[in-house]
Amino acid sequence: MRTHLERVDVKAKKPNGPKKVTGLRRQAEELPRTAKRNVAAIPVKDVQQLMHELQVHQIEMETQKEELRRTQMELEAARTRYVDLYDFAPAGHLTMDTHGTIMEANLRAETLFGINRKALIGQPLARFIASDDQDIFHRHCQEVLKTGTRQTCEVPFRKEDGVSRWVCCESLAVHDESGRITHWQMTLLDVSERKEAEAVRREALSTLDAIVDGAFIFDPQTLRFSYVNEGAVQQVGYSREELLRMTPLDLKPEFDEPRFRAMIAPLVSGAESAHSFTTVHRRKDGVDVPVEINLQCVEPGTAQTRLIAIVRDFTERMKAEKAVTESEQRLNLALDSAQMGVWELNLTNDTAIRTLRHDQIFGYPSLQPEWGSKIFLAHVVPEDQDLVKKRFEEAFATGHFNLECRIMWPDQSLHWIAAQGRVYRNHKGDSVRMMGVVTDITERKRAEEEIRKRGELLEAANKELEAFSYSVSHDLRAPLRHIHGYVEMLRRATDGQLSDKAQRYVRTIMDASVEMGQLIDDLLAFSRMGRTEMIESRVDLGALVQDTIRSVDMATTGRKIVWQTAPLPPVVGDPAMLKQVLANLVGNAVKYSRMRDPAHIAVGCAGEEDGRVILFVRDNGAGFDMQYVHKLFGVFQRLHGAEEFEGTGIGLATVRRIVARQGGRVWAEGAVNQGATFYFTLKRSPSA
Amino acid sequence: MNALQRILLVEDSPRDAELVLEALEAYHLANEVFHVRDGVDALDYLYRRGQFADRSNGQPAVVLLDLKMPKVDGLEVLRQIKSDPHLKMIPVVIMTSSREEQDVDKSYDLGVNAYVVKPVKFHDFIDAVKQVGGFWAIINEPPPGSRRQLGGAGA
């Protein structure tokens, strides 16, 4: 390198130096030649003259030698300057042979490659380029060698330590006299920062595109858009190219230019930092959409001053807000119609925000200036204070607040309130807030009290009724038994002495007493079915029917009855009561079919009604006239005379009472002398 | 008071008592019935106190007990008999007009030996009393205390 430099330097000095040197040399060479030739024949005067000339020459030589030395020093200094320039140039410099091997490198190149200059020499430049980017570089080299003109390319160089730097390479081929390329020079500029800035810019732009809001940038003077993002394009329906020829005024039907400029003026001057407003944007398709715009000025007061508008289409938000408003209205309506007050208690400072209804519940016509748990407690009657405190403690422990207590209104009237709420904790777990509702339950409490009183009365009445039927059961039957017993004893005692007429009287007394006994038994059963507690369980109806038939059959010896039973589904009910139902219905069927030989009695299932099984008992007996069907199930109602069919008129009333208590219904179908069918419904067992 | 009476009839109604005796006549058991008219007398008889303090005969083979009686009712008599270690072995049969469930439940709960509802029909009534009296006073082997006393009296 140094050799090369010297060469360059000498060449550069050519026009000044060599001419002078040649002249002096010629004079100096002539002097000894003349002196040798004539030294003896030279007169003293001449010798003296010659001496003088020689001295002058010598001085001249000295001067020239001095000049040479100075020139050389100047050259040396210039050379150093150039070397410094070369080495410390901000760009890297490489000299490469036609194969791309580095022949020379400046100091800056060292830092670019992170490798000592000596180590760089002889290396192919391509080894510093990542394999992915070799193509770019290879093309660049070919261009340089082919065209012989200045070529540039940008390619990432991998430093020795692995860090990559973007480098801009500018190459120029050097030719010899014959035009052949001998080597080429390359200037390398680190453009990493620029590349990074470009990447950041690209990222910023793609980010701007990615946001849903419309972003518009426009010039404060011309008002023209200089940038719009994808969101903006979507919002207004114009293409990006179209928008870049437009101004905000083209989109804003509510603004004219003076008004718009007046609005942006304080931003452009820097007096205002941002301006938010709502207006409408007219889309390309002519539709106006409501928008919320946030306008900001960037670098106000400079040549780069520009305005950025972030535009949000709030059609959706308006819908959402409308929905929120509507749901709030619905909530308010619900709270209003439920006459509920809402409260929110801040536990850290014991203040509360409430609805008007809340304060009204405490007897105030308008909202009180202050409220809190202490003020609330002051309204609670003394008897309920402890309870209220306990409920608050429970709420802090469980998070749920539930309270019913009595409060005193300012007019000294007593009111019942019910409050429900929740406790909210902060991140540390401290209870900081309570929120809930409150209602005036005075009326409800009054009604409850009324119901309780009535319940007590009812219970007392029930007890009385029970005592009554207990007494009936004991005391009414005993005299009957006595009548029957003594008449019988009378009959025996007067054996054979009574006239036929008297004997018939005696029999009638006895029959009457037996009937009365039956009546009492039936009435007691009827009363019991209404009073006794129902114990529901799964009942195998089929087995119950078989039991009933068996016991009835035993009592009907001598009669021919054809029983027809179908499989019955299991039901839910009180087994004892259902047994009573079947006993009554099957008993009736047997009784009213006794003139048939054979009698046909069927027990079965006739489908479903409202999730209940319909069951029936059918006979081919006396039947009944449908016009009296409504009397069938009434107490003491009979459709047949006692001479025809004995009975008390209580059995079917008992059936209806039992079935009704189990939630079902009974009905009947029949015709005179064509039999009767009695239907009843029972709850189907869920496991069936 | 020294005669052997195998049946103690506790019955407040003289008519019912007469009917019972009438029924038991069939088994010739009428003379073996001692009749008291209420619960107080029944307990006095069993505990040999009051008017029965010097009763020397043994305990009955069965007590026929009515429920609804003045002063001390049948259930109370039953309770006292069945809670006394000396009396609890005496069979007690409730004979009553009522078939109220609560009475039946309570009686069995207190340890009654049988519960009979007196039928209205005289025939049925006679049958029931005959069967009860016959069973408990004749067929059933009485508890040890009564038997010993019985044996002693018979000798």
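Hydrogens, waters and symmetry mates play no part in the numbers below; they use all other heavy atoms, side chains included. Order of the sequence lines sets the chain letters (A, B, ...), proteins ahead of strands, with each chain counted from 1.
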Around atom CZ of R596(A), are there more than 12 heavy atoms of other residues, nucleotides or ligands at under 6.0 Å?
yes
Quick check on the structure: residues of residues 517-525 of chain A within a heavy-atom distance below 4.5 Å of chain B, by number.
G517(A), D521(A), L524(A)
Not counting sequence neighbours, which residues clear side-chain contact (heavy atoms from CB on, under 4.5 Å) with L498(A)? List them please.
T494(A), A502(A), Q503(A), V506(A)
Taking non-hydrogen atoms and a cut-off under 4.5 angstrom, which of residues 105-116 of chain B neighbour chain A?
none
Between D103(B) and chain A, which part of the residue has a heavy atom less than 4.5 Å away: side chain, backbone, both or neither?
side chain
Is the number of heavy atoms from other residues, nucleotides or ligands under 6.0 Å of K121(B) NZ greater than 12?
no
Contact residues of residues 479-490 of chain A (partner chain B; heavy-atom separation under 4.5 angstrom):
L480(A), R481(A), H482(A), H484(A), G485(A), Y486(A), E488(A), M489(A)
Please say whether more than 12 non-hydrogen atoms of neighbouring residues, nucleotides or ligands are located less than 6.0 Å from CZ in F468(A).
no
Kindly indicate whether the side chain of R492(A), heavy atoms from C-beta on, has any atom under 4.5 Å from the side chain of F122(B).
yes
